[in-house]
Amino acid sequence: MAEQNENVQEKELTQQELSEQILIRREKLAQLQAEGKDPFAIVKFDVTHHSDEIRDAFDELENKDVAIAGRLMSKRIMGKASFCNIQDRNGNMQSYVSRNDIGDEEYAAFKKFDIGDIVGIKGFVFRTKTGEISVHAKEVTLLSKSLQVLPEKFHGLKDQEMRYRQRYMDLIVNPEVRDTFIKRSKIISEIRRFLDGKGFLEVETPVLQTIAGGASARPFITHHNTLDIDMYCRIALELPLKRLIVGGFERVYEIGRVFRNEGISVRHNPEFTLMELYQAYTDYNGMMDITEEMFRTVAQNVLGGTKVQYGGHELDLGQPFARKTMVSLVKEYTDVDFDAIKDTEEAKALAKERHIAFEDRHVKGDILLLFFEEFVEKNLVQPTFVIDYPVEVSPLTKRKPENPDYTDRFELFIVGREYANAYSELNDPIDQRGRFEYQEMLREAGDDEANMIDEDFLTALEYGMPPTGGLGVGIDRFVMLLTEAVSIRDVILFPTMRPLDK
């Protein structure tokens with residue numbers, strides 16, 4: 001499509017050339033303002049159609065007037081007529097601009113427009129000789145002047161960190177990035193649709209809390225001046241939601257930001273989006289069923305199918321998810337049977353033998369988890385529910401009646417990554433107090449990720465909580481899976497970044 005060829009430079013601009021172009025743009029703006037044509041004085045432009053709507057309804061719209069607006073992404077001047085390309089929220093639309101149609105003065109002004117300017121075009125829909133659906137301009141209006149120079153397409157966007165820092169620029173020049181975040185929005189909408197259809201009630205719980213609970217994580221601490229107390233940005237949604245189960249809401253969920261003062265990696269951002277749900281009168285088996293159905297349904301509705309390509313693997317979310325105990329998986333990949341290990345000392349001796357680092361405070365259950373993380377996780381490619389976690393690492397989970405060293409807990413692993421965490425929720429306030437006290441002991445021993453004692457939550461449990469299943473799903477990782485994103489920063493619009501002056 002010759003008419004859509006962009007004005008691409010052959011080399012990157014030097015800093016001096018860039019500064020000169022920015023100065024020229026400011027001079028153009030000053031001239032417009034001096035002539036009483038300040039684009040920033042314009043307050044509205046009535047858009048009738050977007051680019052995709054014009055293409056989809058071309059047969060109905062041919063030769064009819066439309067009004068489009070967007071960013072000028074290319075411009076090709078050909079004497080008395082020109083072609084330009086306008087990018088709106090849904091794509092790109094070519095426009096034919098002729099001096100004979102818009103007038104000499106307006107055409108001269110159009111020729112001075114810069115790539116990146118926001119432009120409104122009124123005209124009729126037609127198809128060019130080469131078959132390109134376009135808008136034949138009758139009026140062209142400069143709606144906003146771009147004072148910065150867009151990065152040159154083939155060179156200016158290789159700085160991945162700058163793409164994250166200036167996401168607005170990333171969205172302008174990389175259509176696939178915009179598509180990722182549109183898909184993210186659809187994924188969250190489908191999760192809501194799915195849960196609402198199951199009778200769950202969406203609720204909101206406090207972001208600022210006096211106790212950081214519901215997960216093992218280091219919190220962010222802030223201070224409330226009026227109350228003169230330290231407060232924590234929530235690390236999980238769990239404890240307030242379970243209070244609502246006590247209060248009689250049998251099915252609740254929340255999708256919201258949580259904050260963990262921890263490291264940054266391709267899978268971790270200090271603030272991220274979590275979905276947690278709680279359902280009365282079911283257990284972790286019920287949570288496995290709803291997790292599997294939700295992943296399958298969302299993939300089907302967003303992608304149009306249940307097969308997903310990720311990391312060179314073809315995953316099929318339409319097939320039944322495997323369900324295996326942590327002990328059996330460790331035995332499968334290491335030939336170590338933790339059911340046959342008598343005590344902590346024997347477990348630590350095995351850890352030393354296998355070169356697994358551990359801390360003095362660790363007990364047998366902790367060592368089992370370390371074995372799993374070292375030898376098993378990376379091998380779980382197809383969707384697998386890892387069930388029956390040790391009680392030491394599951395402070396909010398019901399013990400298994402037949403084996404109280406383990407709990408009714410699972411995590412869902414796909415391509416070696418955790419996507420969901422769920423329990424048969426502990427509703428025995430006496431047992432829960434003992435677990436909290438054990439966590440408090442760990443905190444005093446230096447574990448700043450251990451849970452704090454939440455006395456009000458214990459009081460809520462004393463009023464009686466029905467048997468309940470709970471589930472947490474990392475939304476960002478789920479979006480990564482369905483969009484084939486390599487880094488969590490690729491699916492968070494504004495990821496946490498170190499300030500440039502640091």
Side-chain angles (χ1 to χ4, degrees), residues 159-171 177 180-181 183-185 187-188 191 204-225 229-241 253-276 369 373 377 393 395-396 411-421 439 442-443 446-452 454 471-483 485-502:
D159 186 341
Q160 191 75 24
E161 182 169 310
M162 190 56 67
R163 288 179 55 200
Y164 297 144
R165 290 184 184 279
Q166 297 183 350
R167 181 67 81 187
Y168 45 88
M169 183 67 66
D170 197 21
L171 292 168
V177 173
T180 292
F181 288 102
K183 191 172 289 184
R184 177 191 173 100
S185 180
I187 289 168
I188 295 174
I191 291 173
E204 295 173 308
T205 61
V207 173
L208 289 177
Q209 300 179 351
T210 55
I211 290 177
S216 296
R218 183 185 304 157
F220 286 94
I221 305 174
T222 186
H223 188 80
H224 193 291
N225 291 335
I229 59 171
D230 284 343
M231 300 191 77
Y232 303 92
C233 295
R234 64 186 178 188
I235 59 174
L237 313 173
E238 179 166 346
L239 300 186
L241 291 177
Y253 77 95
E254 182 174 8
I255 298 175
R257 276 289 215 251
V258 296
F259 309 86
R260 298 184 181 179
N261 197 353
E262 298 170 345
I264 296 176
S265 73
V266 295
R267 288 186 286 175
H268 299 90
N269 193 67
E271 59 173 311
F272 59 97
T273 303
L274 183 63
M275 187 285 296
E276 289 196 32
L369 181 61
E373 292 172 343
E377 273 190 17
V393 296
L396 297 163
E411 289 185 318
L412 172 63
F413 284 86
I414 308 174
V415 290
R417 296 178 178 180
E418 175 215 335
Y419 287 86
N421 186 20
Q439 291 286 307
L442 295 179
R443 289 186 68 82
D447 184 357
D448 55 4
E449 294 186 356
N451 282 229
M452 302 176 184
D454 189 333
L471 167 69
V473 174
I475 296 296
D476 307 296
R477 290 188 185 179
F478 190 26
V479 175
M480 288 174 64
L481 180 70
L482 297 189
T483 60
V486 175
S487 170
I488 194 171
R489 293 183 178 187
D490 294 327
V491 298
I492 295 177
L493 278 168
F494 302 103
T496 304
M497 305 290 292
R498 187 189 303 275
L500 288 174
D501 61 0
K502 299 294 184 181

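Positions are given from 1 along the sequence. Just so it is clear, the structure is predicted and the values come from calculations on it, not from any experiment.
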- To the nearest 0.5 Å, tell me how far F259 CZ sits from T222 OG1. 11.0 Å
- Separation between CD1 (I187) and CD1 (I475), nearest 0.5 Å, reads 8.5 Å
- Minimum heavy-atom distance between V266 and M480, given as atom pair plus value: O-CE, 3.8 Å
- Query: Is any side-chain heavy atom of L239 less than 4.5 Å from a side-chain heavy atom of L396?
  - Reply: yes
- Item | Single hit among I492, I255, V479, V491 for side chain to side chain contact (heavy atoms under 4.5 Å, CB included) with T273 | I255
- Message: For R234 versus P206, what's the shortest heavy-atom pair and its separation?
- Response: CD-O, 3.4 Å
- Message: If I take atom CG from residue L482 and atom OG1 from residue T180, how far apart are they, to the nearest 0.5 angstrom?
- Response: 11.0 Å
- Report the distance from atom OH of Y232 to atom OG1 of T210, rounding to the nearest 0.5 Å. 8.5 Å
- Sorted by chain and number, sequence neighbours left out, salt bridge (charged side-chain N to carboxylate O under 4.0 Å, His left out) with R443 holds for none
- Pairwise side-chain contact, I235 with V258, heavy-atom cut-off 4.5 Å (strictly under): no
- Note on the structure: Shortest non-hydrogen pair, P270 vs F220, comes out as CB-CZ, 3.9 Å
- Task: Show your reasoning for whether side chain to side chain contact (heavy atoms under 4.5 Å, CB included) applies to R184 and L493.
- Result: CA-CA 10 Å; R184 177 191 173 100; L493 278 168; over 6 Å; no
- Task: Might you work through the side chain to side chain contact (heavy atoms under 4.5 Å, CB included) test for N269 and D476, ending with a clear yes or no?
- Result: CA-CA 9 Å; N269 193 67; D476 307 296; over 6 Å; no
- Query: Of all heavy-atom pairs between I488 and R267, which one has the smallest distance, and what is that distance?
  - Reply: CD1-O, 3.7 Å
- Message: side chain to side chain contact (heavy atoms under 4.5 Å, CB included) for E254 and L241? Distances and angles first, verdict last.
- Response: CA-CA 8 Å; E254 182 174 8; L241 291 177; 4.2 Å; yes
- Check: E262 main-chain N/O paired with R218 side-chain donor or acceptor under 3.5 Å: no
- Item | Nearest heavy-atom neighbours spanning P219 and C233 | CB-O, 4.4 Å
- Item | With Y164, the side-chain hydrogen bond (donor to acceptor under 3.5 Å, both in side chains) member among Q166, E161, R167, Q160 | Q160
- Query: Has the side chain of R165 got a donor or acceptor atom that lies under 3.5 Å from a matching backbone atom of M497?
  - Reply: no
- Mind jotting down which residue pairs meet the salt bridge (Lys or Arg N to Asp or Glu O under 4.0 Å) criterion with at least one end in residues 485-500? Sequence neighbours excluded, please. none
Distance-only donor-acceptor pairs under 3.5 Å for side chains of residues 413-421, two or more places apart:
{"residue": "R417", "atom": "NH1", "partner": "Y310", "partner atom": "OH", "Å": "2.9"}
{"residue": "N421", "atom": "OD1", "partner": "R409", "partner atom": "NE", "Å": "3.0"}

- Query: Do Y253 and I191 have side-chain heavy atoms sitting under 4.5 Å apart?
  - Reply: no
- Quick one: CZ on F272 to CZ on R257, what's the gap to the nearest 0.5 Å? 9.5 Å
- Query: N451 and A215: which non-hydrogen atoms are nearest, and at how many Å?
  - Reply: ND2-O, 3.0 Å
- For E276 and E238, indicate whether the former's side chain and the latter's backbone hold a donor-acceptor pair under 3.5 Å. yes
